[in-house]
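Since the structure is predicted, the reported quantities are computational estimates derived from the model, not experimental observations.
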Amino acid sequence: AWYRQGWVTVSPEMQVKVMLRPPVTKDQWESPPADDVRLALYSSLLQEVMAPQLYDRMIGGASYELSFATEGISLTFKGFPALVPDLVSSVVSHFKKGLPAHPSASRFARVLSEYTDSLRSYSEMPIQYAINDRNVLLTTNMHSKEESLAALSDLQEASVASSPQDLLLSKPLELTALVMGNVGEDAGRDIVSTIQDGLGLARQGPDVGGGGSGEVMSVTPVVRPGRPVELRRRNPRIGDPNDAVVVSLIVGVMTVESRVHLGILGQMLSQVAYNELRTRQQLGYVVNAGEVQVSNVHLISTVVQGNALPADAMEAAVEQVYLELMPARLANLSEAEFQSYRSSYKSALLKPALTTKDEFDHFWSPVSHQGQCYGLRNEMLKYLEDSVTDKAPLVKAWDELVNPKEGIRQKVVVKYFANATARPSKQEAERLWKAHGVPTSALPLLAREYDEALLLDRADSATRASLAKAGGYFPQALHCSLPREEDTTVLAEVARGQARVSRGARGGSAFLGLDS
């Protein structure tokens with residue numbers, strides 16, 4: 001458990017977050033859609049039971065969140081310090097009781113109906129579903145709406161009621177907790193102890209629920225496609241006239257260096273793409289571009305939605321941005337402009353949290369990664385100050401990403417079509433590339449990618465499994481410090497972040513205090 005007293009922002013409140021996660025082996029990285037559905041429905045049902053009974057405890061200025069997923073159990077408490085301990089005790093009590101022994105059949109039917117409707121509806125913009133499809137193809141343990149709907153077909157109320165015990169509580173669970181805000185260390189430790197003791201969790205060692213094989217997954221595995229991937233499907237919003245495209249280039253596992261390079265390049269790409277695709281070409285009212293992080297893997301991505309051009313032509317326009325306009329922008333970037341981007345990025349790294357949510361999230365990220373990456377921003381600032389003193393590293397990083405001297409790029413493209421989804425021939429594709437200003441020197445690269453591309457018509461766990469079988473997974477490494485000859489253990493990382501470690505008088509687990 002981790003503790004930090006006070007806020008940079010001014011608030012009289014405190015906040016606690018606890019995660020209970022089971023260790024998993026590689027063959028347990030993926031769970032059946034039915035498991036996620038059972039736990040999602042259980043979360044909704046339990047919330048309906050608890051909310052009326054906890055209303056009086058929350059009206060004075062305290063709140064909670066409780067959710068169940070195959071990755072683990074999450075509990076969050078926030079509010080005035082005098083109110084939180086009682087709320088914690090009440091939530092833990094309801095957690096232990098679970099659903100009533102004789103549940104309401106009408107409640108289950110209503111919650112099931114609402115959940116089914118949410119899976120059948122497409123109320124968001126098409127581009128949101130296209131982005132989600134890309135993430136489903138790359139990220140383990142994500143499922144499509146269609147998979148979840150299929151899992152509902154023979155779901156029984158009894159299997160929902162037993163899902164926490166069947167899927168989570170019967171396993172060893174590792175507790176990770178962060179206590180922050182206007183609360184003393186002893187009081188924070190007492191709250192964590194209330195959760196540990198109330199749920200019957202042992203305190204010895206990291207696996208607080210007992211022994212077991214595997215490791216707690218603090219970094220979600222990401223599939224490494226062995227070839228370019230292109231998903232082509234109809235726009236899921238019936239009657240929507242828009243095409244949409246997501247063009248993502250996979251950089252690889254994030255490092256301090258790549259974070260800085262792509263942080264600045266992402267700012268530039270955002271402006272270049274918007275000016276060209278939205279303002280000049282007017283391809284659609286949705287144009288966005290920049291860096292993207294999927295777990296510990298970095299991507300450069302551009303999305304476009306509109307009805308001015310079909311998705312294949314939109315992709316060609318995006319390739320012009322990647323292969324022609326961004327290299328030109330970098331080549332013509334003046335020293336003053338470079339320093340402006342550099343200064344802007346540095347200011348973003350140094351910007352303090354403006355809300356308690358931002359501040360809590362800042363510390364929760366390394367805590368959830370078992371103490372890793374606590375000093376990440378300091379490392380990024382050091383690299384920015386020492387090594388990114390001119391535009392040369394940015395030019396090199398962009399060229400290596402979009403225009404490899406050999407082979408092809410790691411590329412995932414999702415295309416939604418309002419009408420026909422037939423793929424253009426290679427000759428037709430070449431005409432599109434030329435028409436949209438892709439440089440002649442890049443045409444052989446695009447032709448190779450056209451030939452190598454794996455065409456898909458859906459994004460689900462089955463298609464992801466086929467990609468993983470061919471290309472495997474990216475390493476689950478967290479590169480949060482610059483290369484140096486020194487201790488890289490978790491405690492050394494904590495020490496570099498000016499943290500202190502104290503052990504409470506009660507209990508055997510460490511209570512780590514964050515001082516900055």
Side-chain angles (χ1 to χ4, degrees), residues 19 21-33 35-36 69-72 128-144 147 214-231 246-259 261-263 265-266 289-303 364-366 368-370 372-373 376 397 400-402 404 407-414 449 452-454 456 458-480:
M19 287 282 293
R21 295 180 288 188
V24 295
T25 56
K26 187 172 182 178
D27 61 356
Q28 297 171 325
W29 283 358
E30 301 276 9
S31 61
D35 290 355
D36 285 330
T70 52
E71 294 84 5
Q128 298 298 327
Y129 300 109
I131 293 171
N132 187 71
D133 278 349
R134 180 209 52 204
N135 294 342
V136 168
L137 291 173
L138 294 177
T139 311
T140 56
N141 219 26
M142 289 187 68
H143 301 104
S144 66
E147 287 180 296
E215 296 181 354
V216 168
M217 188 185 296
S218 61
V219 178
T220 302
V222 176
V223 171
R224 187 205 302 265
R227 54 198 289 197
V229 175
E230 182 173 324
L231 171 63
V246 178
V247 185
S248 299
L249 304 180
I250 302 176
V251 182
V253 174
M254 292 185 288
T255 63
V256 172
E257 296 90 337
S258 75
R259 289 174 189 267
H261 295 159
L262 296 188
L265 288 168
E291 64 158 332
V292 174
Q293 298 177 10
V294 177
S295 186
N296 66 327
V297 174
H298 239 147
L299 287 72
I300 280 289
S301 190
T302 300
V303 302
W364 176 253
S365 178
S368 67
H369 290 134
Q370 300 173 323
Q372 299 182 76
C373 300
L376 175 60
E400 290 176 348
L401 172 62
V402 304
I408 52 181
R409 300 171 294 181
Q410 297 187 91
K411 179 178 175 182
V412 178
V413 179
V414 177
E449 292 176 346
E452 292 288 331
L454 174 64
L456 302 173
R458 70 183 191 278
D460 56 24
S461 59
T463 52
R464 181 174 63 247
S466 66
L467 293 176
K469 184 177 181 180
Y473 299 89
F474 286 98
Q476 292 171 267
L478 292 174
H479 301 295
C480 301

Checklist entry - Does Leu299 reach the side chain of Glu291, with side-chain heavy atoms less than 4.5 Å apart? => result no

Next on the checklist: So Lys411 and Arg227, do their side chains get closer than 4.5 Å, heavy atoms only?
Outcome noted: no

Checklist entry - Is it the case that Asn141 and Ser31 place a side-chain donor and acceptor less than 3.5 Å from each other? => result yes

Checklist outcome for this item: Of all heavy-atom pairs linking Ile408 and Pro228, the shortest is CD1-CD, 3.3 Å

Checklist entry - Does Glu400 use its side chain to pair, donor to acceptor, with the backbone of Ala397 at less than 3.5 Å? => result no

Checklist entry - So do Thr139 and Ser295 actually touch side chain to side chain, heavy atoms under 4.5 Å? => result no

Checklist entry - So, the side chain of His143 versus the backbone of Asp36: is there a donor-acceptor pair under 3.5 Å, distance only? => result no

Next on the checklist: If we ignore hydrogens and angles and just use 3.5 Å, is the side chain of Asn296 paired with the main-chain N or O of His479 as donor and acceptor?
Outcome noted: no

Checklist entry - Atom OG of Ser461 and atom CE of Met142: how far apart are they, to the nearest 0.5 Å? => result 11.5 Å

Next on the checklist: Within the 4.5 Å heavy-atom criterion, are Pro221 and Met217 side-chain neighbours or not?
Outcome noted: yes

Distance-only check: which donor-acceptor pairs under 3.5 Å involve side-chain atoms of residues 250-259, not counting sequence neighbours?
residue : atom : partner : partner atom : Å
Thr255  : OG1  : Glu257  : N            : 3.4
Thr255  : OG1  : Glu257  : OE1          : 3.3
Thr255  : OG1  : Ser258  : N            : 3.0
Thr255  : OG1  : Ser258  : OG           : 3.4
Ser258  : OG   : Thr255  : N            : 2.9
Ser258  : OG   : Thr255  : O            : 3.2
Ser258  : OG   : His298  : ND1          : 3.3

Checklist entry - Between Leu456 and Leu137, does a side chain to side chain contact (heavy atoms under 4.5 Å, CB included) hold up when you go through it step by step? => result CA-CA 10 Å; Leu456 302 173; Leu137 291 173; 3.8 Å; yes

Checklist entry - Taking C-beta and beyond as the side chain, do Leu454 and Leu467 meet within less than 4.5 Å on heavy atoms? => result yes

Checklist entry - For the residue pair Gln410 and Pro225, what are the closest heavy atoms and their distance? => result OE1-O, 4.3 Å

Checklist entry - Just by distance, do the side chain of Glu147 and the backbone of Ser144 share a donor-acceptor pair under 3.5 Å? => result yes

Checklist entry - Is there side-chain contact between Val413 and Val229, with at least one heavy-atom pair below 4.5 Å? => result no

Next on the checklist: Using the rule given for side chain to side chain contact (heavy atoms under 4.5 Å, CB included), can you reason through Gln293 versus Leu262, listing the C-alpha separation, both sets of side-chain angles and the distance that settles it, and then say yes or no?
Outcome noted: CA-CA 10 Å; Gln293 298 177 10; Leu262 296 188; over 6 Å; no

Checklist entry - Under a 4.5 Å cut-off applied to non-hydrogen side-chain atoms, are His369 and Trp364 in contact? => result no

Item to check | Distance-minimising heavy-atom pair for Val223 and Ala468 | outcome: CG1-N, 3.8 Å

Checklist entry - Counting heavy atoms not belonging to Gln28, are there more than 12 under 6.0 Å from its CD? => result yes

Checklist entry - Arg21 versus Glu71: any side-chain heavy-atom pair under 4.5 Å? => result no

Item to check | Qualifying side-chain hydrogen bond (donor to acceptor under 3.5 Å, both in side chains) pairs, either residue in residues 463-475, two or more places apart | outcome: Glu30-Arg464, Asp460-Thr463

